[in-house]
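Worksheet: the structure to be examined is printed underneath.
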Amino acid sequence: MLDIRRIRNNPQEIKDAMLSRSADFDITLIDKVIELDERRREILSEVEVLKNKRNTTSQEIPKLKKEGKNVEPIMEEMRVLGDKIKDFDAELTKVEEELEATILRIPNVPSKNVPKGQSDADNLEVRKWGEPTKFDFEAKAHWDIGTNLDILDFEMAGKVTGARFTFYKGLGARLERACINFMLDLHTSKHGYTEVLPPQIVNRRSMTGTGQLPKFAEDMFKLEGLEYWLIPTAEVPVTNMYRDDILDASQLPIKNTAFTACFRAEAGSAGRDTRGLIRQHQFNKVELVKFADPEKSYEELESLTNDAEMVLKTLGLPYRVVKLCTGDIGFSSAMTYDLEVWMPSYGRYVEISSCSNFEDFQARRANLKFRRGPKEKAEYLHTLNGSGVAVGRTVAAILENYQQADGSVIIPEALRPYMGGIERITK
RNA sequence: GGAGAGAUGGCUGAGUGGUCUAAGGCACUUGACUCGAAAUCAAGCGUAGGGGUAACUCUACCGUGGGUUCAAAUCCCACUCUCUCCGCCA
């Protein structure tokens, strides 16, 4: 959520920022916010005078009574005043609700350092690690490799659940688990994150806090009859851990890592990436979440991105880092780096991690503050997160990049301790 | 699922209709005392919003949402969460 005063004071700056995200952005939303804000303050100044009158008069009444005066006319006057206040308050509530609903649908302002652009074609490659894997045989896609080795079963999942779900079997399941453990161990022992295992179902306030609600309700799974949602990412529960809290500056940065399943309805992506592990309704992910001092949040974004990259480096998977342009960054983000792994079946790099600085956008929504010192005013902190990394896509990348001519797959060395020393998956 | 108890400022804890404008304590900040510290004493010390150049001032907030009343932390209704016990259960 943007600071209402920022919108009030620099409407044009905000409008330009929104248009840089999308030329189609409805900038009347900004005007609406400004109007509602003005109306709100108008009502406020009127009703507060009346409330002051009521308060002072109500305090007079017992004194006058004690003096034996007839207070009935005053009480009658107060009854009328009370009704008036009630009307104003009702109007105020209406305006405030509309203001809130509107402002919650306005995305974050991209950071100054974000390249201008309209789509992923305008993203900026910032670095590259490794070279696209070359094969001296005809390389297969991971869905074929996995099916042939009988470690992935898409049909079975289709029967049991439906499209976009997968059964992992045998060493496939073991490989997924090995990746999870490897990533968690790396981030906790080498990068200083604290492991958390959060709830995978959250309430409305949590979903609003990180920005999934109210705008993206159709992308998520909601439990029938309850105000509960399956999490689309561990970002949601982990960022909301300290909602409504005031942390001490000495605690920052807080660095948490969490493994969870993630659930996405993927509304609007029918027909895209229909095969394999790339786009599923349920997938596993190890997430990195940071709570940072605003002055250091961009340094923290760099190190968080490096932490995620270390996963791919250690697994020997070729990747590149891309800085997303204004047209491609997510709703809540001020700046995002995507990590893209080389996926032979796609013949291109595919997103495997998204590392973002949200600045104070989520902190405002979730009321997440910190205090620099005992006498200091509480300030909104900055939140960041990134995948460290998506597990299903990692498995897909391993299967494809480490496949052999005979259909077997070599296990990356770093994972072997987690695989009981197994070096290769064969038929 | 059933029964009971509870939710008040950073923490603790008093408060059952009108100086609650939320006591007291702890913690914290500043000052005094001290070479310094502890102890002691004094003052300060919540959040959000409105108005004002400012000093300041007004409004709201005692789990949440309604209601009663001239007036609600206090009375009424609903809900949420926490704790205890019972039942069921991995």
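This one's a predicted model, so the numbers in the text were calculated from it and none came from an experiment.
- Qualifying salt bridge (Lys or Arg N to Asp or Glu O under 4.0 Å) partners for Arg39(A), counting only residues two or more places apart in sequence or in other chains: Glu42(A), Glu91(A).
- Contacts of Asp89(A) classified as side-chain hydrogen bond (donor to acceptor under 3.5 Å, both in side chains), with partners at least two apart in sequence or in another chain: Lys51(A).
- Applying the side chain to side chain contact (heavy atoms under 4.5 Å, CB included) rule to Asp24(A) yields the partners Ser22(A); only residues at least two apart in sequence or on another chain are considered.
- One atom, CZ of Arg205(A), and another, C1' of U80(B), lie 13 Å apart when rounded to the nearest Å.
- Of the side-chain N and O atoms in Arg364(A), none sit less than 4.0 angstrom from OP1 or OP2 of A48(B).
- Distance noted for atom P between G9(B) and G65(B): 15 Å (whole Å).
- Residues passing the side chain to side chain contact (heavy atoms under 4.5 Å, CB included) test with Phe331(A) are Pro107(A), Lys215(A), Phe216(A), Phe361(A), Arg365(A), sequence neighbours excluded.
- Residue pairs meeting the salt bridge (Lys or Arg N to Asp or Glu O under 4.0 Å) criterion with at least one partner in residues 221-234 of chain A, sequence neighbours excluded, are Arg204(A)-Glu227(A), Lys222(A)-Glu227(A).
- Distance CD (Gln251(A)) to P (G10(B)): 15 Å, rounded to an integer number of Å.
- Here Arg371(A) lies in heavy-atom contact (under 4.0 Å) with sugar-phosphate atoms only.
- By the side chain to side chain contact (heavy atoms under 4.5 Å, CB included) test, Ser250(A) is found to be paired with Asp248(A), residues two or more places apart in sequence or in another chain being considered.
- Listed by first and then second residue, the ring-ring contact (aromatic ring centres under 6.0 Å, His included) pairs that reach into residues 155-177 of chain A are Phe165(A)-His281(A), sequence neighbours excluded.
- Nucleotides A38(B) and A48(B) place their C1' atoms 39 Å apart, quoted to the nearest Å.
- Listed pair Asn52(A) / U59(B) meets the phosphate criterion, a side-chain N or O lying under 4.0 Å from OP1 or OP2.
- The aromatic rings of His191(A) and His187(A) sit tilted relative to each other, their planes meeting at an angle between 30° and 60°.
- Among residues at least two apart or in separate chains, side chain to side chain donor-acceptor pair (under 3.5 Å) pairs with a member in residues 408-421 of chain A are Asp185(A)-Tyr418(A), Asp406(A)-Ser408(A), Ser408(A)-Arg424(A).
- Spacing between atom CG of Leu50(A) and atom P of G50(B) amounts to 19 Å, rounded to whole angstrom units.
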Q | Arg279(A) vs Glu266(A), salt bridge (Lys or Arg N to Asp or Glu O under 4.0 Å): CA-CA, chis, key distance, verdict | A | CA-CA 8 Å; Arg279(A) 193 174 295 273; Glu266(A) 296 290 0; 3.3 Å; yes
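- The same atom, P, is picked in A37(B) and in A32(B); the two are 11 Å apart, to the nearest Å.
- If you take atom P in A42(B) and the same atom in U47(B), they sit 25 Å apart, rounded to whole Å.
- Residues of residues 35-48 of chain A having a heavy atom closer than 4.0 Å to RNA chain B, listed by number: Arg40(A), Arg41(A), Leu44(A), Glu48(A).
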Q.
Only Watson-Crick and G-U wobble pairs with both distances less than 3.5 Å should count. Give RNA chain B in dot-bracket notation, marking inter-strand partners with |.
A. ((((((((.[[[..)..(.....]]].(((((.......))))).((((((....)))))).[[[[[..)....]]]]])))))))....
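- In this structure, Lys369(A) reaches the sugar-phosphate backbone alone: every heavy-atom distance under 4.0 Å involves primed, P, OP1 or OP2 atoms, never a base.
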Q) Reading nucleotides 61-72 of chain B 5' to 3', which nucleotides get B (base under 4.0 Å from a protein heavy atom), which S (sugar-phosphate only), which -? A) -------S-BS-
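- Taking atom P in both A14(B) and C85(B), the straight-line distance is 23 Å, to the nearest Å.
- The stretch residues 151-164 of chain A participates, sequence neighbours left out, in these salt bridge (Lys or Arg N to Asp or Glu O under 4.0 Å) pairs: Asp153(A)-Lys169(A).
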